[in-house]
Amino acid sequence: MSRIAYVNGAYLPIAYATVHIEDRGNQFSDGAYEGITVYDGKIIDLVPHLARLRRSLSELRISAPMGDAALTQVIKEVVRRNRTNSAMIYMQVSRGAAKRDHAFPENIKPSLIITCRRLDFAAINARVKSGVKASSQPDTRWSRCDIKSISLLPNILAKQAAREKGSFEAILVDSDGLVTEGSSTNVWIVTPEGTLVTRSTDDNILPGITRSAIIRLARDMQMPIEERAFTVKEAKGATEMFLTSSSCCAQPIIAFDDAPIGNGKPGPTVKRLVEQYRIFMDAQ
Ligand code: PMP
């Protein structure tokens, strides 16, 4: 069965699902997106994902293509038509199609596309069990990383550079030597004193939906948490290091720039958080 995508009002087989050649998403990366997990038929954290999309669009002065209730219906219909209960939903809103001109065209209608791709939870679970390597890369992005913009070139180049070093993720480092986030993840450490640390969201990183869920779960478990920046050196001396994102849940890092983290195996804190996150997903 071919995959079905939603494009501006129509549900189409993916091969026929196309946007206008002058769509500003295509020509200027003029848009915002969300990636949402479907786990066991449940759409995880849909409400905060919709809220973050609305905020990104408002910061970019792109009008929302429809209200949240209608958008929820469309998302559910895309999932239903793809007959899957483990998937990643990709939802993108661009400013729309118009004659190419940098300034906003008048009376432009936003363009909405939604795709749904099967997510391999077995592979994710295997990575959570084994842990992955990560490499530092300079953070060359713009100064509005709080917006989930579709303009991802620096993230792509950093991820590719990390992959070419045999790493799963690029850990982005600012000009002060402080870790910002991963190329598509938020980054966490556990200090030798046992405190969970992740960079604060008022510090120009993407406010990850999984990051918020993990903070809530850690607080429920009475884990000490600090939201602050940390250096590459502090990360290398951490007892644990891990990534969070909708697609990878909480992913242990066992080596950073080839230095082992802790004893070089996934640590107990991330394991407990993954367990609690699974319970949280089951309860949705
Ligand atoms: N930071 C960046 C740069 C990302 O692209 C993502 C995932 N889209 C995240 C963090 C994690 O966000 P979330 O938990 O909402 O998937």
Side-chain angles (χ1 to χ4, degrees), residues 29 31-39 42-57 59 75 87-93 114-117 119 121 124 127-128 132 134-163 168-174 178-189 196-218 227 229 241-251 253 270 273-274 276-278 280-281 284:
S29 291
Y33 76 105
E34 284 295 321
I36 311 171
T37 298
V38 181
Y39 172 77
K42 299 165 182 125
I43 302 176
I44 306 302
D45 259 343
L46 179 59
V47 170
H49 277 286
L50 294 180
R52 186 172 65 184
L53 178 65
R54 197 158 288 280
R55 179 182 179 275
S56 295
L57 294 177
E59 293 297 304
I75 292 169
M88 180 50 81
I89 299 162
Y90 176 79
M91 172 166 61
Q92 174 180 310
V93 180
I114 305 177
T115 55
C116 178
R117 184 178 283 279
L119 201 56
F121 279 106
I124 294 170
R127 274 201 310 270
V128 168
V132 293
S135 305
S136 58
Q137 293 293 327
D139 191 341
T140 60
R141 300 174 301 164
W142 70 329
S143 56
R144 287 304 310 273
C145 295
D146 57 312
I147 299 173
K148 200 160 170 58
S149 141
I150 57 174
S151 180
L152 289 171
L153 264 182
N155 307 56
I156 291 166
L157 295 175
K159 179 89 86 187
Q160 182 59 25
R163 290 284 164 92
F168 175 74
E169 178 60 305
I171 305 292
L172 304 178
V173 180
D174 70 16
L178 296 163
V179 169
T180 50
E181 58 186 329
S183 68
S184 61
T185 52
N186 290 114
V187 182
W188 301 66
I189 56 170
L196 265 174
V197 184
T198 193
R199 192 155 172 150
S200 113
T201 51
D202 47 40
D203 216 2
N204 192 28
I205 59 163
L206 186 79
I209 305 298
T210 323
R211 176 188 176 283
S212 297
I214 292 285
I215 288 178
R216 256 188 342 263
L217 295 172
E227 290 182 61
M241 187 172 182
F242 61 94
L243 309 167
T244 54
S245 79
S246 301
S247 59
C248 83
C249 170
Q251 169 68 68
I253 296 174
V270 66
L273 287 168
V274 169
Q276 292 304 310
Y277 191 73
R278 294 269 190 250
F280 160 74
M281 290 206 293
Q284 298 250 318

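On a predicted model such as this, the values are computed, not experimentally measured, just so you know. In each ligand, atom 1 is the first atom listed, and ligand 1 is the first ligand listed.
Classified by interplanar angle (parallel below 30°, tilted 30° to 60°, perpendicular above 60°), the ring pair F242/W188 is parallel.
Take Y277 and apply the ring pair (Phe, Tyr, Trp, His ring centres under 6.0 Å) test, not counting sequence neighbours, and it matches F280.
Applying the side-chain hydrogen bond (donor to acceptor under 3.5 Å, both in side chains) test to every pair with at least one member in residues 206-217, sequence neighbours left out, gives these pairs: R211-E227.
In this structure, R117 places its CZ atom where only 12 or fewer heavy-atom neighbours from other residues, nucleotides or ligands lie under 6.0 Å away.
A salt bridge links E34 to R52: one of the charged nitrogens lies within less than 4.0 Å of a carboxylate oxygen.
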Which pairs would a plain distance check flag for residues 147-156, meaning a side-chain donor or acceptor within less than 3.5 Å of a matching protein atom at least two apart in sequence or in another chain?
from : atom 1 : to   : atom 2 : distance (Å)
K148 : NZ     : Y33  : OH     : 3.0
S149 : OG     : S151 : N      : 2.8
N155 : ND2    : S183 : O      : 3.0

Tabulated below should be the N or O atoms of ligand 1 paired with protein N or O atoms at under 3.5 Å; can you produce that?
from     : atom 1 : to   : atom 2 : distance (Å)
ligand 1 : 1 (N)  : E181 : OE1    : 2.7
ligand 1 : 1 (N)  : T185 : O      : 3.4
ligand 1 : 8 (N)  : K148 : NZ     : 2.3
ligand 1 : 14 (O) : I209 : N      : 3.3
ligand 1 : 14 (O) : T210 : N      : 3.0
ligand 1 : 14 (O) : T210 : OG1    : 2.6
ligand 1 : 15 (O) : R52  : NH1    : 2.8
ligand 1 : 15 (O) : R52  : NH2    : 3.0
ligand 1 : 15 (O) : I209 : N      : 2.8
ligand 1 : 16 (O) : S246 : N      : 2.9
ligand 1 : 16 (O) : S246 : OG     : 2.7

